[in-house]
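Take a look at the structure set out below.
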Amino acid sequence: MTDTGFLTASEATARLGVKTATLYAYVSRGLIRSEAGPAGTRERRYHPGDVQALLARQGVRRDPEGAVQDAVGGALDWGTPVLDSALTRIADGRLTYRGQGALALAEHATVEQVAALLWTDDMDSWAALPLRARLNLGGQPRARAPLEAFAYALAHAGAHDLTALDTRPHSGPAHAARVLNLLYATLERHGGVPPAPDLPLHARLARAWGVPAHADLLRRALVLLADHELNVSTFTARVAASGGASLHHVTLAALGALQGPKHGLAALAAADLLSHAARSGARTALHDATRRSGHAPGFGHRLYPQGDPRAAALLDALATQQEMTEVPRAVLAVREVMAQETGEHANVDLALAALVLALEQPPQSAVTLFALGRTVGWLAHALETLRSGRLLRPRARHVGR
């Protein structure tokens, strides 16, 4: 295997047990991805995950029962796809929402437009959705943190909002809009800011955080966070929706799944790294963080071996809107050290941490931003699951006595 993790032609053909011409045929049919090899040569390198997926398919034909068990077990760990979806595609370092590039959408689209695109496949349908309705938030306990407030609001609305009980397919997007609007209204209430449902969602967030001048930066972040295929929280949303849970309760389930150090809370570790780097230097901060967690927080992503495009887009946007402060300097310094030492690129967790610290928000705000952005995707996957009518109920392979 090469330094990039990709296979040479001889390695790929050896694993597959085929001739080079057959390997080329697999590439031309889109079954195996390839990239350019060493500079100055005409060689290609081949994606090991695609090779493994093709082997699994061949195994199904030879030994259906055993191969299916192995494939399903591997699929739950960054493996082969486990279900069909028309929402988001991650391939060749590119992220698209229903065929539209997420980076291009981040240049101009609003959260409302992206939500409509993912929920209805029509970006212009957002105006017909109740995304700017005024809500009554009475009856909820006061919370100490925004994520706690979101959980209270979702549980209360799921129990008391009559629309939560409406399961007719045509009502789904409107119901999703009420859930999303609820979270922004809850954030305003938690921050003691008068509700402003007439404003765009990203402007409501900027106003709640006291940074209205940077509303467009937050818009970009929310759009780039809208969906990311079957991550932990999104898969949780799909499972809950498949059982018939309301969209409020689907979102509550996903919100709980988000709050783990390998998922949504990873941005907190990245924020600690940047704060430490600003105080003690990048190399010291990276050494200490890696010793604690076994890896450098905010770097590397298995779906983006050449770098997370969301991180690059956010960090570039941040650099154009912020004067050179300790946070951008720390970001630049840790990225330089990582490029020299490991070659790993920044991921979206580092970008979120940099963004909230540069806006002088507490580190926990990175998770709040993540939750607000990803709720759009949770709801889109829930709607798609409900339309399919399929119950997600995998089986366990017993290995005990």
Side-chain angles (χ1 to χ4, degrees), residues 86-90 93-127 129 131-132 173 176-177 179-181 183-184 187 199-209 211-229 231 233-234 251 254 258 264 267 301 303-304 307-321 346-356 358-359 361 365-381 383:
L87 301 176
T88 296
R89 185 169 187 262
I90 303 170
R94 189 165 181 259
L95 173 67
T96 58
Y97 303 150
R98 291 194 183 272
Q100 298 196 38
L103 268 63
L105 289 170
E107 290 295 323
H108 63 84
T110 64
V111 178
E112 292 88 339
Q113 289 175 318
V114 172
L117 174 66
L118 286 169
W119 298 345
T120 71
D121 199 15
D122 180 4
M123 187 180 294
D124 295 330
S125 70
W126 74 268
L129 299 173
L131 285 164
R132 295 184 179 173
V179 174
L180 186 61
N181 186 25
L183 297 189
Y184 282 84
L187 183 68
L199 293 178
L201 294 174
H202 69 277
R204 293 173 70 178
L205 172 59
R207 183 168 167 268
W209 280 4
V211 291
H214 299 290
D216 190 67
L217 181 61
L218 293 174
R219 179 195 59 77
R220 290 171 179 268
L222 290 165
V223 169
L224 290 171
L225 291 168
D227 192 37
H228 206 237
E229 203 213 63
N231 50 77
S233 56
T234 300
T251 307
L258 180 74
H301 198 298
L303 296 181
Y304 301 114
D308 187 338
R310 301 167 300 169
L314 278 179
L315 292 172
D316 287 347
L318 179 62
T320 64
Q321 295 199 23
N347 63 33
V348 76
D349 298 318
L350 188 83
L352 289 179
L355 189 156
V356 298
L359 295 181
Q361 300 299 308
S365 295
V367 190
T368 302
L369 179 59
F370 198 145
L372 288 172
R374 189 56 52 83
T375 296
V376 170
W378 294 338
L379 292 165
H381 282 268
L383 293 173

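- Atoms CG and CD, from Asp122 and Gln113 in turn, are 10.5 Å apart once rounded to the nearest 0.5 Å.
- For the atom pair CG (Leu315) and OG1 (Thr320), the distance works out to 11.0 Å, reported to the nearest 0.5 Å.
- Counting all heavy atoms, side chain and backbone alike, Thr234 lies closest to Arg374 at OG1-CD, 4.1 Å.
- The ring-ring contact (aromatic ring centres under 6.0 Å, His included) search around Tyr184 returns none, not counting sequence neighbours.
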Residue pair Thr368, Leu372: steps toward the side chain to side chain contact (heavy atoms under 4.5 Å, CB included) verdict | CA-CA 6 Å; Thr368 302; Leu372 288 172; 4.3 Å; yes
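- Heavy atoms of other residues, nucleotides or ligands lying less than 6.0 angstrom from CZ of Arg98 number more than 12.
- The two residues Leu355 and Ala221 make their nearest non-hydrogen contact at CD1-CB, 4.0 Å.
- Distance check: Glu229 CD to Ile90 CD1 gives 4.5 Å after rounding to the nearest 0.5 Å.
- The two residues Gly93 and Tyr304 have their closest heavy-atom pair at CA-CD2, 4.0 Å.
- For the salt bridge (Lys or Arg N to Asp or Glu O under 4.0 Å) test, residues two or more places apart in sequence or in another chain that qualify with Asp308 are Arg310.
- A heavy-atom distance below 4.5 Å is found between the side chains of Leu117 and Gln100.
- A 4.5 Å side-chain heavy-atom check between Val367 and Leu352 finds every atom pair outside the cut-off.
- In terms of the side-chain hydrogen bond (donor to acceptor under 3.5 Å, both in side chains) criterion, Asn347 has no residue partners (sequence neighbours excluded).
- Across every non-hydrogen atom of Ala371 and Leu258, the tightest pair is CB-CD2, 3.7 Å.
- Annotation: side chain of Leu222 is not in contact with side chain of Leu201 (no heavy-atom distance under 4.5 Å).
- Separating the CZ atom in Arg219 from the CG atom in Leu105 is a distance of 9.5 Å, to the nearest 0.5 Å.
- In this structure, CG in Leu87 is found 10.5 Å from OG1 in Thr96, a value given to the nearest 0.5 Å.
- Between His228 and His301, the two ring planes are perpendicular [angle over 60°; tilted spans 30° to 60°].
- What you find for Ala203 and Ala215 is that their closest heavy atoms are CA-CB, 4.4 Å.
- For the pair Leu369 and Leu205, the minimum side-chain heavy-atom distance is below 4.5 Å.
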CA sep, side-chain torsions, deciding dist, call: Val376, Tyr97, side chain to side chain contact (heavy atoms under 4.5 Å, CB included) = CA-CA 12 Å; Val376 170; Tyr97 303 150; over 6 Å; no
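- Counting only residues at least two apart or on different chains, the salt bridge (Lys or Arg N to Asp or Glu O under 4.0 Å) pairs with a member in residues 103-117 are Glu107-Arg220, Glu112-Arg132.
- Residues forming a side-chain hydrogen bond (donor to acceptor under 3.5 Å, both in side chains) with Thr88 (at least two apart in sequence, or on another chain): Asp227.
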Stepwise, does the side chain to side chain contact (heavy atoms under 4.5 Å, CB included) test hold for Leu180 with Leu129?
-> CA-CA 11 Å; Leu180 186 61; Leu129 299 173; over 6 Å; no
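- In this view, Ser365 satisfies the side-chain hydrogen bond (donor to acceptor under 3.5 Å, both in side chains) rule with no residue, not counting sequence neighbours.
- Nearest heavy-atom pair, Ala313 versus Leu103, reported as atom, atom and distance to 0.1 Å: CB-CG, 4.2 Å.
- A 4.5 Å side-chain heavy-atom check between Pro173 and Thr120 finds at least one atom pair inside the cut-off.
- Note that OG1 of Thr375 and CG of Asn181 are 12.0 Å apart. Values are rounded to the nearest 0.5 Å.
- The shortest side-chain heavy-atom distance between Leu218 and Val211 falls under the 4.5 Å cut-off.
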